[in-house]
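Worksheet: one structure, shown below.
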Amino acid sequence: MALRFYNTLTRKKEEFYTVHPGEVRMYTCGPTVYDFAHIGNFRACIFGDILRRYLEYKGYKVAYVMNITDVDDRTINGSQKQGIPLTEYTKRYKDAFLEDIKNLNIKPANIYPEATAHIAEMEALVKSLLDRGHAYENQGSIYFRISSFPEYGKLSNMDMSRLKAGARVAADEYEKEEVADFALWKGWDEKDGRVFWETEVGKGRPGWHIECSAMSMKYLGKHFDIHAGGVDLVFPHHENEIAQSEAATGEKFVNFWLHNEHLMVEGRRMAKRYGNYYTLRDLLDKGYNPIAIRYLLLATHHRQQLNFTFDGLEAAKNALQRLYDFVDNLKLSKGDKDNPEIDEVLQRAKKDFEEALDDDLNTSEALGVMFTLVKEVNRLADEKAISSSDAGKVLTVVNEFDSVLGLLRREELILDQEVKALIEKRVSARKEKDFALADQIRKDLEEKGIILEDTPEGTKWKRKM
RNA sequence: GGCGGCUUAGCCAAGGGGUAAGGCGGAGGUCUGCAAAACCUCUAUUCUCCGGUUCGAAUCCGGAAGCCGCCUCCA
């Protein structure tokens, strides 16, 4: 089966194709660096990561760009409250974001362009929109005229003529010709303080949407393959990006628009404004393993809402442990007689795994395939043992799967001398049938996060997750 | 009001015309000094409800109920 994605633009699953043969250019809307990102934000990052990794698995060369929004109301307010320059304020959160990304085993994008470093590109884009009559100036700000772009609404399936002025339509929008027009460039305001740029389109700062158009086109070209992000961005952000970009270039902007659903908490979308969020740091401080969080976030299909619970996180951790135990046991396989069924099991697993991900990145099903493989191999090992060469083949396939899933990264397992000595001491105690001492050592080590397993091959240990 | 989505076991979650993947939890068992760990086996006659289409419906169509999202700076 060919690779297919659900495209928000066409509202159906479409066979994937690229603008340039063998090469995928993709862009994901990244964080606004005014605070630590919450795990709902990271759901989008993990979705982008799986997408990128699977495209690479399929043999595509991927150029991946994720922007950093470092100038908007929130970053300006935040820096002013702390009385520090905008860049100093945003740097802290940008660094934190990159650290979080690393903790979640998300492969870095090729570039993380910052809005403030691309003012000239945005200025050029705004000028071009003004020249073509798609934008107008009013009281120092420049707005996009949606009436000049008849296709406006094609992504979000919105009929602008029926737009109802809801509670969230701000009262001061009178400067615009139509309510749905949006700011490309915001004229300087006292509230902006020292945050402004003197440009040919005026003194001020960029609107939100323009940065993604300017930066994605700069790094990926006017017409590229994939643009991803959370569903909340479909309207207005992505709709506006399309309008700006296509109006300015006269070309189709992006072929595939992919969106992930929200992370929920107690039946409601996780969001800063509801106060119902957890940052990655919150969870790591509670002792949760970042990879278990990654597991949780990718175990549900990306177009499905996912309710976050600590029970769910616990279950994810235990599932991950099963995977780790499987890999560890494989590494200890010592048999020398090959099991003829292994090849068939592996072949089927690979086929099923790829079919699952080919179908709109069905990560839930792909995980199911992984665990079915675990069960089948364990069963074969249980029945008549597998050889070390069989185990090696299985490990190769598991690692191939993991090049997409990214779950097998573990901390270096290094035992210090003291712990080693304790384990030795316990082994002797058991030989001498001093089980009270043996159990005490086992308990002490468990408190240190080390779990011991007595197997026919001797005592093994592993780190508690 | 407009647009869109969801409802599958105790919990999480795939599937989407041919007779219910997978994980967690639970129950048995193998191994073991052991209530540890690991591994194995079992764990939904049925998919929110009511109609319809069909040889056949969890799946398609119509309706109802409940829940969620977007509708101007939010992943």
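Convention: sequence-line order gives letters A, B, ...; per-chain numbering from 1.
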Requested in this report: Report yes if a donor N or O on one partner sits less than 3.5 Å from an acceptor N or O on the other, where the partners are the side chain of A:Asn362 and the base of B:G15; otherwise report no.
Outcome: no
Query raised in the report: Hey, is the side chain of A:Arg322 poking within less than 4.0 Å of OP1 or OP2 on B:C40, counting only N and O atoms?
Result: yes
**Report entry** Whole-angstrom distance between B:U19 and B:U45, as gauged at atom C1'
**Finding:** 10 Å
Query raised in the report: How would you label the contact of A:Met270 with the nucleic acid (heavy atoms, under 4.0 Å): base, sugar-phosphate, or nothing?
Result: base
Query raised in the report: Mapping A:Thr300 and A:Gly30 to their closest nucleotides on RNA chain B, which lands nearer the 5' end?
Result: A:Thr300
Query raised in the report: What nucleic acid atoms does A:Gln304 come within less than 4.0 Å of, heavy atoms only: base, sugar-phosphate, or nothing?
Result: sugar-phosphate
Query raised in the report: What distance, rounded to whole Å, do you find between the two P atoms, one in B:C6 and one in B:G62?
Result: 14 Å
Requested in this report: Please work out which residues in residues 422-432 of chain A have a non-hydrogen atom less than 4.0 Å from an atom of RNA chain B and list them by number.
Outcome: A:Arg426, A:Arg430
Query raised in the report: Rounded to the Å, how far apart are A:Leu306 CG and B:U7 P?
Result: 13 Å
Query raised in the report: Touch check for A:Lys460, heavy atoms < 4.0 angstrom, all strands: base, sugar-phosphate only, or nothing?
Result: nothing
Query - Ring centre gap for A:Phe5 and A:Tyr54 strictly below 6.0 Å - result: no
Query raised in the report: Checking all strands, does A:Arg74 fall into the base, sugar-phosphate, or nothing category for heavy-atom contacts under 4.0 angstrom?
Result: sugar-phosphate
Requested in this report: Indicate, with a heavy-atom threshold strictly under 4.0 Å, whether A:Gly229 touches base, sugar-phosphate, or nothing.
Outcome: sugar-phosphate
Query raised in the report: At under 4.0 Å between heavy atoms, what does A:His38 touch on the DNA or RNA strands: base, sugar-phosphate, or nothing?
Result: base
Query - Spacing of A:Leu437 atom CG relative to B:C34 atom P, expressed in whole Å - result: 18 Å
Query - Euclidean distance, atom CD of residue A:Gln305 to atom P of B:A75 [Å, nearest integer] - result: 16 Å
Query raised in the report: Is the Lys NZ or Arg CZ of A:Lys272 less than 6.0 Å from the centre of A:Tyr277's six-membered ring, within 45° of the axis?
Result: yes
Requested in this report: Mark yes or no for a side-chain to base donor-acceptor pair under 3.5 Å between A:Arg11 and B:C3, with no hydrogen or angle criteria applied.
Outcome: no
Query raised in the report: Which one is paired to B:A58, where only Watson-Crick or G-U wobble pairs with both distances under 3.5 angstrom count?
Result: none
Query raised in the report: Which part of the nucleic acid, if any, lies within contact of A:Leu296, taking any heavy atom under 4.0 Å across all strands shown: a base, the sugar-phosphate backbone alone, or nothing?
Result: nothing
Query - Whole-angstrom distance between B:C11 and B:G26, as gauged at atom P - result: 15 Å
Report task. Find the distance A:Asp311:CG to B:C11:C1' and express it as a whole number of Å. Result -> 8 Å
Report task. Identify whether any heavy atom of A:Ala319 sits under 4.0 Å from a base atom; if not, whether one sits that close to sugar-phosphate; answer base, sugar-phosphate or nothing. Result -> sugar-phosphate
Query raised in the report: What is the distance from CZ of A:Phe371 to P of B:G22, rounded to the nearest Å?
Result: 12 Å
Report summary line: To the nearest angstrom, the OH-P distance between A:Tyr295 and B:A13 comes to 12 Å
**Report entry** Pairwise P distance, B:G28 and B:A37 [rounded to whole Å]
**Finding:** 15 Å
Query raised in the report: How close or far is atom P of B:A37 from atom CG of A:Asn318, stated in whole angstroms?
Result: 11 Å
**Report entry** Nearest-angstrom distance from the residue atom NZ of A:Lys375 to P of B:U43
**Finding:** 10 Å
**Report entry** Whole-angstrom distance between B:A36 and B:A9, as gauged at atom C1'
**Finding:** 29 Å
Requested in this report: State which of B:C24, B:A37, B:G33 makes the closest approach to the side chain of A:Asp454.
Outcome: B:G33
Report task. Please state whether the phosphate of B:A38, meaning OP1 or OP2, lies under 4.0 angstrom from any side-chain nitrogen or oxygen of A:Asn329. Result -> no
Report summary line: pair_partner(B:A21), Watson-Crick or wobble, both distances < 3.5 Å, evaluates to none
Query - Nucleotide opposite B:U41 in a Watson-Crick or G-U pair, distances under 3.5 Å - result: B:A27
**Report entry** Side-chain N or O of A:Ser364 closer than 4.0 Å to phosphate OP1/OP2 of B:A13
**Finding:** no
Query - Option passing side-chain hydrogen bond (donor to acceptor under 3.5 Å, both in side chains) with A:His209 (candidates A:Glu239, A:Glu241, A:His238, A:His237) - result: A:His237
Query - Exercise: do A:Glu211 and A:Thr69 side chains pair donor with acceptor under 3.5 Å - result: yes
Query - Distance below 4.0 Å between A:Arg379 side-chain N/O and B:U41 OP1 or OP2 - result: yes
Just distance, no hydrogens or angles: give the donor-acceptor pairs under 3.5 Å from side chains in residues 29-36 of chain A, sequence neighbours left out.
{"residue": "A:Thr32", "atom": "OG1", "partner": "A:Arg74", "partner atom": "NH2", "Å": "3.2"}
{"residue": "A:Tyr34", "atom": "OH", "partner": "A:Arg74", "partner atom": "NH1", "Å": "3.4"}

Report task. Report yes or no: is the cationic atom of A:Arg322 (NZ for Lys, CZ for Arg) closer than 6.0 Å to the six-membered ring centre of A:Phe371, at no more than 45° off its axis? Result -> no
Query raised in the report: Do the rings of A:Trp257 and A:Phe253 sit parallel, tilted or perpendicular, given the 30° and 60° boundaries?
Result: tilted
Report task. Can you tell me the pairing partner of B:G66 across any strand shown, Watson-Crick or G-U wobble, with both distances under 3.5 angstrom? Result -> B:C6
Requested in this report: Look at the rings of A:Phe97 and A:Phe42 and say which category their plane angle falls in: under 30° parallel, 30 to 60° tilted, over 60° perpendicular.
Outcome: parallel
Query raised in the report: What distance, rounded to whole Å, do you find between the two C1' atoms, one in B:C47 and one in B:U41?
Result: 26 Å
Report task. Examine A:Arg303 relative to A:Tyr6 and say whether NZ or CZ is less than 6.0 Å from the centre of the six-membered ring and inside a 45° cone about the ring axis. Result -> yes
